[in-house]
Trainee: 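Take this structure first; my questions come after.
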Protein chains: 2
Amino acid sequence: MVVMIGSSEEFSERFCPRYQRAVEIVGRRWSGAILRAMLRGASRFGEIQEAIPDLSNRMLSERLRELEAEGIVERIVMPERPVRVEYHLTEKGRSLNEVVEALSRWSQDWIEVEVAVQDGKRSAAAG
Amino acid sequence: MVVMIGSSEEFSERFCPRYQRAVEIVGRRWSGAILRAMLRGASRFGEIQEAIPDLSNRMLSERLRELEAEGIVERIVMPERPVRVEYHLTEKGRSLNEVVEALSRWSQDWIEVEVAVQDGKRSAAAG
DNA sequence: TATACTTGGTTATATTAAGTAACTCAAGTC
DNA sequence: GACTTGAGTTACTTAATATAACCAAGTATA
């Protein structure tokens, strides 16, 4: 079978390796939430974790390392006691703001949050 | 314990249950690629699968069912032989176009595609 | 009659990713 | 000497994906 590059418009229009890679980086579990927290100012490990319920330190650690490897996040160790580590978005990371904002708007328009009040815990609703 | 709505600004600014749900739906593996293919006109099972290399029919089937359950996709069975099934985006689904476009632009600006030519297979590069 | 081919899937099983909990390190405090 | 804090790591369990084979119903081919 002949490999068609540039001749199968249907295919090349529908599949884009750049988009695919982007969606695999940003779409990984928790990444979207981490990016949103960081775009809103969270920069320390504990701060990011605090901002995202149910995110474990194990997962946060792993995602941050991946985002660092992708050049989206920079890790800066401040030699204080106790050690202080700051995570900052690079330009590449900051430019994801448009994606996060678009998804944010969509979620405001289309997502209904279920009000799950369970005995003294947290209630989320009424936007 | 008192439930704080609107009183803990730091928390409520950084965490948004709507966004969280959105990112969990759209960010699930393959969903972003499926939505992009559908936004570009793919409507049949085989068509979507053809548009996304490495996506198995098992995963496509599962994702489509989930997207249908979320009201993002509609499944229409045409009683022909062999049976013909069409998947269409609802208004909710079509409005994800802005998210997909934002991610698409970001990927064009920031993602470098590795040219992996492996012995007669496919080569993806050179935008 | 038997074989293969089509679309749109399902089932079974293996592999990988994520969740949970406990632990580390180093300095500082009670 | 036990306890706290920040920023993780390690070990183990469970959930999500990958891989591959299979199915149903009708059509076509040998």
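Chain letters run A, B, ... following the sequence lines, proteins first, then strands; residues in each count from 1. Everything quoted here is computed from the prediction, not taken from an experiment. What you see below is based on every heavy atom in this structure, not just the backbone, and it leaves out hydrogens, waters and symmetry mates.
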Trainee: Is it the case that the side chains of Arg94(A) and Thr90(A) hold a donor-acceptor pair, with the cut-off being a distance below 3.5 Å and no angle test?
Mentor: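 Looking only at side-chain atoms, Arg94(A) and Thr90(A) do not form any donor-acceptor pair under 3.5 Å.
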Trainee: Is the Lys NZ or Arg CZ of Arg36(A) less than 6.0 Å from the centre of Tyr19(B)'s six-membered ring, within 45° of the axis?
Mentor: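 Output yes; distance and angle both within limits.
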Trainee: Is it true that Arg21(A) and Glu70(A) have a side-chain N and a carboxylate O under 4.0 angstrom from each other?
Mentor: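 Salt bridge present between Arg21(A) and Glu70(A).
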Trainee: Please report, rounded to the nearest Å, how far the C1' atom of dA17(C) is from the CD atom of Glu24(B).
Mentor: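 For the pair Glu24(B) CD and dA17(C) C1', the rounded distance is 15 Å.
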Trainee: Sequence neighbours excluded, which residues qualify as salt bridge (Lys or Arg N to Asp or Glu O under 4.0 Å) partners of Arg84(A)?
Mentor: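 Counting only residues at least two positions away or on another chain, Arg84(A) forms a salt bridge (Lys or Arg N to Asp or Glu O under 4.0 Å) with Glu86(A).
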Trainee: For the residue pair Val23(B) and Leu103(A), establish whether any side-chain heavy-atom pair is separated by less than 4.5 Å.
Mentor: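 Side chain of Val23(B) against side chain of Leu103(A), heavy atoms only: contact under 4.5 Å found.
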Trainee: Applying side-chain contact (heavy atoms from CB on, under 4.5 Å), name anything that partners Glu24(B), two or more places apart in sequence or on another chain.
Mentor: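 Residues passing side-chain contact (heavy atoms from CB on, under 4.5 Å) with Glu24(B): Arg29(A), Gln20(B).
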Trainee: Looking at Ile52(B) and Ala37(B), what are the two nearest heavy atoms and their distance?
Mentor: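 What the structure gives for the nearest pair is CD1-CB, 4.3 Å.
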Trainee: Considering residues at least two apart in sequence or located in another chain, which fulfil the side chain to side chain donor-acceptor pair (under 3.5 Å) criterion with Trp106(B)?
Mentor: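 With sequence neighbours excluded, Trp106(B) shows a side chain to side chain donor-acceptor pair (under 3.5 Å) to Ser95(A), given in chain and number order.
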Trainee: What does the list of N/O pairs under 3.5 Å between the protein and nucleotides 25-27 of chain C look like, with a distance for each?
Mentor:
none

Trainee: Might you list the N or O atoms of the protein lying below 3.5 Å from N or O atoms in nucleotides 7-11 of chain D, with each pair's distance?
Mentor:
| from | atom 1 | to | atom 2 | distance (Å) |
| --- | --- | --- | --- | --- |
| dA7(D) | OP1 | Arg44(A) | NE | 3.2 |
| dA7(D) | OP1 | Arg44(A) | NH2 | 3.1 |
| dA7(D) | OP1 | Val85(A) | N | 3.0 |
| dA7(D) | OP1 | Val85(A) | O | 3.3 |
| dA7(D) | OP2 | Gly46(A) | N | 3.3 |
| dG8(D) | OP1 | Arg75(A) | NE | 3.4 |
| dG8(D) | OP1 | Arg75(A) | NH2 | 2.4 |
| dG8(D) | OP1 | Tyr87(A) | OH | 3.4 |
| dG8(D) | OP2 | Tyr87(A) | OH | 2.4 |
| dG8(D) | N7 | Asn57(A) | ND2 | 3.0 |
| dG8(D) | O6 | Asn57(A) | ND2 | 3.2 |
| dT9(D) | OP2 | Ser61(A) | OG | 2.6 |
| dT9(D) | OP2 | Arg65(A) | NH2 | 3.2 |
| dA11(D) | N6 | Arg58(A) | NE | 3.4 |

Trainee: If only side-chain N and O atoms of Trp30(A) are considered, is one of them under 4.0 Å from the OP1 or OP2 phosphate oxygen of dG19(C)?
Mentor: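 Yes, Trp30(A) has a side-chain N/O under 4.0 Å of OP1/OP2 on dG19(C).
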Trainee: Quickly work out the Met59(B) CE to dT16(C) C1' distance and round it to whole Å.
Mentor: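 Nearest whole value for this atom pair: 12 Å.
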Trainee: Using whole Å, report how far CD of Glu68(B) lies from P of dG8(C).
Mentor: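 The answer, rounded to whole Å, is 14 Å.
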Trainee: Could you tell me how far apart Leu60(B) (CG) and dG8(C) (C1') are, to the nearest whole angstrom?
Mentor: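 It is 10 Å, rounded to the nearest whole Å.
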Trainee: Let me know the distance between CG of Leu55(B) and C1' of dA20(D), rounded to the nearest Å.
Mentor: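 Leu55(B) atom CG is separated from dA20(D) atom C1' by 15 Å.
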Trainee: Looking only at heavy atoms, what is the nearest atom pair of Leu60(B) and Leu55(B), with distance?
Mentor: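 So the minimum-distance heavy-atom pair works out to N-CD1, 3.8 Å.
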Trainee: Distance check needed: dT19(D) P versus Asp54(B) CG, whole Å only.
Mentor: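 The answer, rounded to whole Å, is 8 Å.
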Trainee: Does Glu66(B) pair with Arg63(B) as a salt bridge, N-O distance under 4.0 Å?
Mentor: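 Looking at Glu66(B) and Arg63(B), the cut-off is met.
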Trainee: Grab the CZ-P distance between Arg28(A) and dG19(C) for me, whole Å please.
Mentor: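 Arg28(A) atom CZ is separated from dG19(C) atom P by 13 Å.
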Trainee: Would you say Arg29(A) reaches dA15(D)'s phosphate, i.e. side-chain N/O to OP1/OP2 under 4.0 Å?
Mentor: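 For Arg29(A), the contact criterion (side-chain N or O under 4.0 Å from OP1 or OP2 of dA15(D)) is not met.
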Trainee: Specify the separation, in whole Å, of atom CD of Glu66(B) and atom P of dG9(C).
Mentor: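 The answer, rounded to whole Å, is 14 Å.
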Trainee: When you measure from the side chain of Glu47(B) to the backbone of Ser43(B), do you find a donor-acceptor pair of N or O atoms at a distance under 3.5 Å?
Mentor: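 It does hold such a pair.
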Trainee: Between the axis at one end of the helix from dT1(C)-dA30(D) to dC30(C)-dG1(D) and the axis at the other (five pairs apiece), what's the angle to 10 degrees?
Mentor: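 Axis-to-axis angle, ends of the helix: 30°.
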